[in-house]
Amino acid sequence: MTDVSVTSPCRLRINGEPCTIDIPPSVTLLDLLRERLDLTGTKKGCDHGQCGACTVLVNGKRVKSCLILAVSIPDAEVTTIEGLSRDGQMHPMQQAFLDQDAFQCGYCTPGQIMSAVALMEEGHVHTREEIREFMSGNLCRCGAYNGILDAIEQVIAQQQQDRAGEAA
Amino acid sequence: MTLHSAKIGQPVSRIDGLAKVTGQARYAAEPHPAGMLYGFIVNSPIARGRIETIRDEAARAVPGVVEIMTHLNRPHSALFEKSYMDGLGVPGSPYRPLHDAEISFNGQPVAVVLAETFEAAREAAMLLEVDYERWPHNADFEASLHQKYMPSKTRSNYVPPKSRGNAAEAYALSPIKIEGRYHLAPEHHNPMEMHATTVIAEDDGTFTVWDKTQGPQAVQAYLTSALSLSKDQVRVRNPYVGGAFGSGLRAQHNVFLAALGAKMLKRSVRITLTRQQMFTHVFRPEAVMNIALGAQPDGTLQSMIVDGVTDTSRFEHNMENLVIWGLINYKCPNATADYKVAPRDTYTSSDMRAPGAATGVNLFEMAVDEMAYACNMDPLAFRLHNYSDIDAMHDMPLTSKALKEAMHEGAERFGWYNRPIAPKSMRDGKELIGWGMATGIWDAMFSPTSARATLIADGRLHIATAASDIGTGTYTILAQTASEAFGIPIEMIDIELGDSTLPECPTEGGSWTAASAGAAVWLACQSLREKLFKTLGKSGNISAWLTAGLSNNTTVLQDGFLQDKDADENLRLSLSEALSLTGQDRLEVEETAKPGLRGTISQMRKARFTHSAVFCEVRVDEELGIVRVTRLVNAVAAGRIMNPKTAASQVRGAMVMATGMALHEESLMDERVGRFMNHNFAEYHIPAHADIPDMDVLFVEEKDREVSPLGVKGVGEIGMCGTAAAIANAIFHATGQRHRSLPITPGN
């Protein structure tokens, strides 16, 4: 039996802000965010790493926050959907999701967006098929898959335009 | 920037989108009241029997555990079964959580641990020891068929099949016959948000209940009745719902148990089901349909005989409109159908997206494809040959049916006309290619609904109705409706939904919300404009142009300004100015949209449906049997489309779910324990990005002034109906092999 009253110190940076909290070691990063820090933008869809709704960035890489114990990643930089907008400006991926109707109920959306942002960094965006493959860890029961692909391609096109603009 | 009124029919982006893409939208498990307890449900591992003893010492010893609620110590709840009946319930004895020691299904809640933290509640739940007396059970669908029956009291929305001609004789005499047993595996709704409830115990002794539901007023009525609370003690809210697809039609046990715990301890309580527990309640019933069709060699249908069964629990009689769709949609002189339910020791099956039709239409359309091949006809030509312009089962005219147009436009878009008829005639390397099609049909419903429209001091328009937006785009289409009806930019409108205290609106479902809530908002906005004009006319301190305009009926309200349509456009008045001239700080109306006399007569005389034609391309790996859907076109005739952007998403979403029905989704029963054993996303596969091709949805023009006040039919379900059959039929065309059981997996 695990003693849920024994706590350990947990030190993270969440969306740029330092966060220090004593929690039982069995608390997942997902439950820390949702239940103790009131950052409910990160969603719980299965708690088993099977659906991707809880995707956040840890040190810039996409991870399923339900599979990580919060105390196991000391000093990590965590970015959630709440930290994606800067100075009230939506991230281009958030805007693209709006433009392309890339969601319906909105519950898997934060995870899809975080995953898509990381995907761009990973560079797995050469074809629609490749994007499909590398986004398949994020399930959407409303079936907004076409719109999500369109949103990612909208951001790719914008980046290419921006780069062409800089070159010229 | 000048703001303009949005119109019905424009592709407006979702107005609730900003909250959703930034993570600000709060769902049922997300408010966090001070002192809240976490509830964790303990489920029965047996299907039938009774609880003998509960040993809770170890569980209670877990630090942070406050209470363990069981049938032995729960607070008072209503005594009589009828108090647990919910608005969309089915005949029979509703399940009463923690009522007594008896176990009627595997997964039945036997206790709720209430603790200070989620981790403590979960830990204690695992330590609770429960001994059971086991009774024999049956959870096997095939075995339950021997006990099939027709409930003496049927569901209120049940449409009994109506026979015509002499189907048996005509079948015997038909030169071309097909006959088959078609089957659908049970499916679970699996919305991404798990069912959850947060009950906030307010200081004044009332409860604010955030619940994942499609009907806040239905849950409010259920809780007050089942927990013997007064009506003003319970307020139910669901401003955002993370999908539901029917799982939120009835009040689920999590809301009852969370409220019971809050009542017991007078504290706020949250219960979130685990994904595994999502498989312990509602599901789409398993179904079997025996279909026999007879035709002339020229493809003229002579006889249709349909006999179908769906499963239900031992305590409730869930029924579906399973067998009627082919009889309604096809011209055929002789037809008959029979429907029964089969009981097994599980929780009661329930409505899932397009209940009855998703199963009945898809399985029937697979049989139609077989018949077309038996007649050596193109499946589209066969359907056109047997096309009915009326509801052939009730011999009733229809308000509209642009299915023929949908068939042609869809076929054109897909490129159907180049299709070789013979199966297994297209190939690309190791992959066989097949093209299949099917048609879809679903009810177009309209229910009385109320809405309130309020003009407030800053000139904004506030709209309220107790509808639920479960991802359906309701916020957005109601804003468009209000914008056009009142004459105000969409940016100046606030839409409030998802609260039991708002004007009455039926539970969201069955694709009726757009037509019904839309009509109510339209009516309320028109009425508010009249009230504004009337009140201004009486106020006496308005300018000359407005006085003249109001008396000559030349005053218009447009893009948020009062103007005179015949006068200089510089003479105009903003809504906040207009309101201040009336001397009031707000103007408010509430209206109810009802069918009315003309509508009621129309409903008696004419049938009303949405239709579709679906075309599909699959590629099948000849060696491995793996099927990929590579193209899907759906041409939909659904009356007036309020927002083509959100409507197309609705249809695409249902097509994704139908792809799951055709190829992936199957809840597997372990008959020995009576439990669905693949209760997670790894073993119950729902379509992922890589499973879904680019889908083409087109809306066929269909003007229908009769079906509902705004000419709207609704699009939430239609994408389910026909799509799975089109995929199955394409697989036959690719491989030459008939599969009569869904899903079609490489294993079968």
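Quantities reported herein were computed from a predicted structural model and do not represent experimental measurements. Labels below follow one simple rule: chain letters A, B, ... track the order of the sequence lines, proteins then strands, and each chain is numbered from 1.
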Between [X] and chain B, with a heavy-atom cut-off of 4.5 Å, which part of the residue counts as in contact: side chain, backbone, both or neither?
X      : result
A:D31  : side chain
A:M90  : side chain
A:Q112 : side chain
A:T109 : side chain
A:D99  : backbone
A:I113 : side chain
A:D47  : side chain

Salt-bridge present ([X], [Y]; N to O < 4.0 Å):
X      : Y      : answer
A:R36  : B:E119 : yes
B:R270 : B:E116 : no
A:E153 : A:R128 : yes
A:K43  : B:E30  : yes
B:E665 : B:R284 : no
A:R11  : A:D22  : no
B:E431 : B:R628 : yes
B:D696 : B:R652 : no
B:E717 : B:R353 : no

Contact class of [X] relative to chain A, heavy atoms under 4.5 angstrom:
X      : result
B:V656 : side chain
B:I686 : both
B:A115 : neither
B:Y475 : neither
B:T646 : both
B:T274 : neither
B:A25  : backbone
B:Y240 : neither
B:P687 : both

Do you know which of [options] has the most heavy-atom pairs with chain B at a distance under 4.5 angstrom?
options                      : answer
A:T42, A:L98, A:D101         : A:D101
A:L149, A:I148, A:N146       : A:N146
A:L84, A:N138, A:T40         : A:T40
A:E82, A:R34, A:E35, A:E133  : A:E35
A:C140, A:G106, A:G49, A:G41 : A:G106

- Item | Under 3.5 Å side-chain donor-acceptor pair for A:Q154 and A:Q100 | yes

So, does [X] use its side chain to make a donor-acceptor pair with the main chain of [Y] at under 3.5 Å?
X      : Y      : result
A:S72  : A:L69  : yes
B:N238 : B:T213 : yes
B:S468 : B:I470 : no

- Tell me, out of B:H189, B:M278, B:M126, B:Q24, who's got the most heavy-atom pairs with chain A below 4.5 Å.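 Top option by heavy-atom pairs under 4.5 Å: B:H189.
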
- Query: Based on non-hydrogen pairs under 4.5 Å, which of B:I692, B:V241, B:T272 is most in contact with chain A?
  - Reply: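 Heavy-atom pairs under 4.5 Å are most numerous for B:I692.
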
- Between A:Y107 and B:Y27, does the ring centre distance come in under 6.0 Å?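 Between B:Y27 and A:Y107, which both carry aromatic rings, the centre distance is below 6.0 Å.
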
